[in-house]
Number of protein chains: 2
Amino acid sequence: MTIKNDKHKFLNPNLNTLEPYVPGKQINDSEYLKLNTNENPFGPSPCVKETIVKFLENSEALLRLYPESESDSLREVIAKKFATKSDQIFVGNGSDEVLSLCFLAFFAGRGCLSFPELTYSFYPSIAKLFKIPFSTFQLKKDFSLDLTSITPDSKSVIFPNPNAITGIALSIDVIDRFVKENPDKLIIIDEAYADFSKDSCVYLINNYPNILIVQTFSKSRGMAGLRVGFCFGSKPLIDGLKAVKNSFNSYPVDTLATLAAISATKDDLWFENNIATIVKTRSYFTQELEKIGFRVLPSSANFVLITHPRLKADTLRDHLFKNKILVRHFPETRVSNWLRITIGKREDCDVLLSVLKQKISGAN
Amino acid sequence: MTIKNDKHKFLNPNLNTLEPYVPGKQINDSEYLKLNTNENPFGPSPCVKETIVKFLENSEALLRLYPESESDSLREVIAKKFATKSDQIFVGNGSDEVLSLCFLAFFAGRGCLSFPELTYSFYPSIAKLFKIPFSTFQLKKDFSLDLTSITPDSKSVIFPNPNAITGIALSIDVIDRFVKENPDKLIIIDEAYADFSKDSCVYLINNYPNILIVQTFSKSRGMAGLRVGFCFGSKPLIDGLKAVKNSFNSYPVDTLATLAAISATKDDLWFENNIATIVKTRSYFTQELEKIGFRVLPSSANFVLITHPRLKADTLRDHLFKNKILVRHFPETRVSNWLRITIGKREDCDVLLSVLKQKISGAN
C-alpha cells in the first residue's frame with residue numbers, strides 16, 4: 001500500500017511514499033493451523049497465567065494506576081538472567097516498537113543504513129517512515145549473510161541473527177570481528193530467533209559501544225499476544241533510547257504484560273524444555289521434508305524455508321490454505337519459489353507433511 | 001533532560017534538543033495517597049477482571065498468538081457505543097501513542113502547529129521529537145482557551161477539552177465554529193478528560209474532514225495500567241494513521257488489554273456511576289477548598305487546579321509529600337503557584353483537606 005499525497009491534504013507530505021509492513025495473516029479461526037508468523041506452539045510458561053490471575057485476585061485495583069514508566073522491575077529480572085546491568089536494558093511494546101525507536105534514535109539523520117537484501121521486511125517500512133536512506137547487501141549463494149558486501153559508506157547496519165526468512169545464523173565470532181572492525185558504524189543485531197540457535201551476541205555490549213542487541217518475548221517466550229520486546233546496549237545508547245521513548249510514549253509496556261514477562265523470564269525450566277522440543281521438531285520436520293524432495297535451508301530459528309524442485313511455492317501455499325494450513329510466501333523476493341513454515345508441535349508438522357505428501361503423490 | 005549531541009556519536013543529530021516528557025511520580029508504595037496523575041480512584045469495571053480471568057482459564061494458550069493488528073473487535077464495540085463507523089476509529093497503545101502517531105502523520109512536514117501556552121506538557125516533547133515547529137496561544141485572564149489568539153499561519157492545532165492542568169472546558173459550539181471556519185487547519189481535540197464534562201466533539205467527525213478526537217481508557221475507564229487509547233476521524237485520516245502505525249509497530253495493543261477495553265466499554269452502568277461519583281466529589285472538594293481560602297478553577301475534569309493567597313504552592317506540595325500525599329506542581333509555568341490535585345475517593349479528599357487545614361491553621 002502506498003499512500004498518495006493527493007488522497008487528502010492533511011497527511012505529512014514526507015509520508016507519501018510510505019510502504020507499511022504487511023504482517024502474516026491473523027486468521028481468528030481455530031480451525032486453521034497457523035504456521036505463518038513464527039509463533040510458539042506451546043505458549044508461555046504456565047506461571048504467566050498464574051501470576052496474572054493472582055494479581056487480579058489480590059491487586060486488581062492497581063489496574064487503575066499507570067505502569068512503571070521505565071519497566072524497572074522487568075529490567076532488573078532480565079539483567080539478572082543475562083548477567084548485564086539494568087541500565088544496559090531498554091524495554092518496549094514488542095520488539096517492533098523497540099526497533100522503530102532504535103531506527104529513530106540511531107539511524108535517522110546519520111546517513112545510509114545497510115541491511116540484507118533478504119531479511120525482515122519491516123526494516124524498509126520503518127526506514128521509509130523516518131526518511132532513512134538505505135541500501136541492501138547481498139547474501140552468499142548458500143543464503144548466508146555476507147558482511148563483506150556491506151558498503152563502507154553505511155553509517156549503520158541491522159540484520160537478524162538468525163536471519164529472518166532464511167533462518168540461517170552467522171557465528172558470533174564473525175559478528176564480533178565485524179563490530180570491532182567498524183567502530184564508526186552503529187550495528188543492531190536483531191535476535192528475535194536467537195534462543196533457537198543457543199548463540200547470542202548479548203555479551204558483546206560490554207566490549208563495544210557501537211552494538212545493540214534486540215530480543216523479544218514473542219517467539220521463544222511464547223507470548224506474542226502480550227507485546228514485550230527489549231534490547232541491550234551500552235548505557236549511553238540506552239539513555240538515548242529512553243529519551244526518544246519518553247518523547248513518544250511514557251508508558252509503552254502495560255502492567256499485566258510486565259508481570260507476564262517477569263514470570264516468563266523466571267521460568268527457566270519451561271523455557272529450556274520449550275526450546276529443546278522445538279529444536280528437536282525442527283530436525284524431524286527437516287528430515288521428513290527432505291525425504292519427500294524438498295530443499296530445506298539449515299535453520300537456527302523456529303521456522304524453515306523450503307522449496308520443491310517440481311511444485312511451485314504459490315501452488316503449494318494455495319493447496320495448504322485449502323487444507324486450512326497457513327504458511328508464509330514472499331512473492332516479491334528472490335525466494336518467491338520458497339515457503340517459510342513455522343515449527344509447530346510435532347503433530348502440526350505431521351498434519352502438514354501428510355497434506356504435502358498427498359499433493360506430491362498427486363503430482364507424480 | 002536535554003540530550004547533548006556530544007554525549008555519544010551515534011545519536012540522531014536531529015534529536016540533540018530533545019526534551020522528553022516527565023510524567024508525574026509513580027511511587028510504588030501504597031502508603032502514599034496518589035493524587036498526582038489523574039488516575040481513577042475506583043479502577044475499571046469489575047467485568048474487566050472477570051473477562052481476563054475467564055480468558056486465561058479457557059484460552060490462555062492464545063497468549064502465544066499475535067493480537068489483532070487493527071484491534072478490529074475493540075473498534076467495533078467502540079463504534080457501537082459512540083454511534084460511529086469502525087473505520088472512523090483508530091486504537092493505540094494509550095492515548096499518548098495515538099497522539100504521537102497523529103503528530104507524525106498530520107503535523108510533521110506541514111508547517112506550524114499551535115497549542116495553548118498552558119496545556120498537556122507532552123505536546124512540545126512530541127513536536128520536538130518530530131521536528132515540528134510550534135507556537136503557543138494565550139489563555140484568557142480566567143484561564144479559559146482563547147481560540148481567536150491562534151496565529152492564522154498555523155497549519156494545525158491541538159488542545160485538550162477540558163484543558164489539561166486547568167480543567168476548564170470550551171463549549172462544543174465554540175469548537176464547532178472554529179473547526180468550520182478553519183477548513184485548512186487539521187484540528188485535534190484531546191478528550192482525555194471529556195467524560196467528566198459530559199460534553200464531547202465526537203459527532204463533529206461526521207461534519208468536518210479536518211478534525212480528530214482523541215480519547216483514552218486511562219481516566220474515566222479506570223485502566224491506566226493497561227494502555228489503550230483511541231481516536232475518531234474521517235476515514236481518510238484514520239487510513240493515514242493506520243499506514244503510519246503499520247510502519248512503526250503492527251501490533252501495539254495486546255490481547256489482554258483489548259479484552260479489558262471491550263469489557264470496560266460494555267459496562268455502561270459502572271461507567272456512569274463512576275463518573276457521577278467523581279463529579280459529585282469534585283463539587284464537594286471544591287467547596288471545602290474554597291472554605292479554607294483556596295481559589296479553585298472551575299473544573300470539568302477529574303482534577304482541580306488550586307492556589308492559596310498566603311501559602312506558596314511548593315511549600316504546600318512539600319508539606320503534602322511529608323504527609324505521604326502526592327499532588328502535581330508545575331514550577332516552570334505561569335501556574336507555578338498552583339497545585340493540580342486529582343479527584344480521589346471522598347475519603348482521599350478528606351485526608352488531604354485535613355492535612356491542608358492543619359497547615360493553614362499553623363500558618364495563621
Side-chain angles (χ1 to χ4, degrees), chain A residues 1 3 7-8 10-14 18 20-21 23 26 37 39-40 43-44 49 52-53 56 60-69 93-94 96-97 100 105-106 108-110 125-126 128-129 186 222-227 236-237 240 243-244 246-252 254-257, chain B residues 1 3 7-8 10-15 18 20-21 23 26 37 39-40 43-44 49 52-53 56 60-69 93-94 96-97 100 105-106 108-110 125-126 128-129 186 222-227 236-237 240 243 246-252 254-257:
Chain A
M1 171 167 53
I3 300 182
K7 223 175 156 187
H8 59 80
F10 298 115
L11 193 73
N12 176 353
N14 287 337
L18 217 53
Y21 175 66
Q26 291 295 334
T37 50
E39 287 138 333
N40 191 307
K49 169 186 163 177
I52 296 176
V53 170
L56 289 174
E60 163 227 3
L62 293 185
L63 291 178
R64 74 182 188 86
L65 299 178
Y66 283 97
E68 295 170 315
S69 176
N93 176 37
D96 282 350
E97 190 198 46
S100 288
F106 307 116
R110 287 190 56 254
S125 296
I126 316 175
K128 282 173 185 164
L129 179 67
L186 193 279
M223 35 182 268
L226 288 183
R227 320 307 308 124
L237 291 178
V244 171
N246 283 323
S247 302
F248 181 83
N249 186 3
S250 309
Y251 308 101
D254 75 45
T255 302
L256 297 184
Chain B
M1 170 168 52
I3 301 181
K7 223 173 157 188
H8 60 79
F10 298 115
L11 193 71
N12 176 352
N14 287 339
L15 300 182
L18 217 53
Y21 175 67
Q26 293 294 337
T37 50
E39 287 138 333
N40 191 308
K49 169 185 162 178
I52 296 175
V53 170
L56 290 174
E60 163 227 4
L62 293 185
L63 291 178
R64 74 183 188 84
L65 298 178
Y66 283 97
E68 295 170 315
S69 176
N93 177 36
D96 282 351
E97 190 198 46
S100 289
F106 307 116
R110 288 191 55 255
S125 295
I126 315 174
K128 282 173 186 164
L129 180 66
L186 195 278
M223 34 181 270
L226 288 183
R227 320 307 308 122
L237 291 177
N246 283 324
S247 302
F248 182 82
N249 187 2
S250 310
Y251 308 100
D254 75 45
T255 301
L256 297 184

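Since this is a predicted model, take the numbers as computed values, not measurements. Just so it is clear: chains get the letters A, B, ... in the order the sequence lines come, proteins before strands, and each one is counted from 1.
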Item checked: Options B:Ala105, B:Pro44, B:Gly43, ranked by heavy-atom pairs under 4.5 Å with chain A, top entry -> B:Ala105
Shortest non-hydrogen contact between [X] and [Y], atoms and distance:
X: A:Asn246; Y: B:Pro20; value: CB-CB, 3.7 Å
X: A:Thr37; Y: B:Tyr66; value: O-CE1, 3.6 Å
X: B:Ala108; Y: A:Pro13; value: O-CD, 4.2 Å
X: B:Ala224; Y: A:Pro67; value: O-CD, 3.5 Å
X: B:Asn93; Y: A:Asn93; value: ND2-ND2, 3.5 Å

With chain B as the partner, which of [options] has the greatest number of non-hydrogen pairs under 4.5 Å?
options: A:Ser69, A:Gly222, A:Ala61; answer: A:Gly222
options: A:Glu97, A:Arg110, A:Arg64; answer: A:Arg64
options: A:Leu226, A:Ile126, A:Thr255, A:Asn14; answer: A:Leu226
options: A:Pro252, A:Ala257, A:Gly109, A:Ser247; answer: A:Ser247

Counting C-beta onward and ignoring hydrogens, is there a side-chain heavy-atom pair between [X] and [Y] closer than 4.5 Å?
X: A:Leu256; Y: B:Ile52; result: yes
X: A:Phe106; Y: B:Leu11; result: yes
X: B:Asn12; Y: A:Val244; result: no
X: A:Asn249; Y: B:Arg227; result: yes

Next item on the list: Could you tell me the separation between the CZ atom of B:Phe10 and the CG atom of A:Leu237, rounded to the nearest 0.5 Å?
Entry: 7.0 Å
Check: Between OH of A:Tyr21 and OG of B:Ser250, what distance do you get to the nearest 0.5 Å?
Finding: 6.0 Å
Notebook entry, point to check: Can you name the side-chain contact (heavy atoms from CB on, under 4.5 Å) partners of A:Asn40, sequence neighbours left out?
Noted result: A:Phe42, A:Asn274, A:Ile278
Checklist line | Which residues share a salt bridge (Lys or Arg N to Asp or Glu O under 4.0 Å) with A:Glu39, sequence neighbours left out | finding: A:Lys34
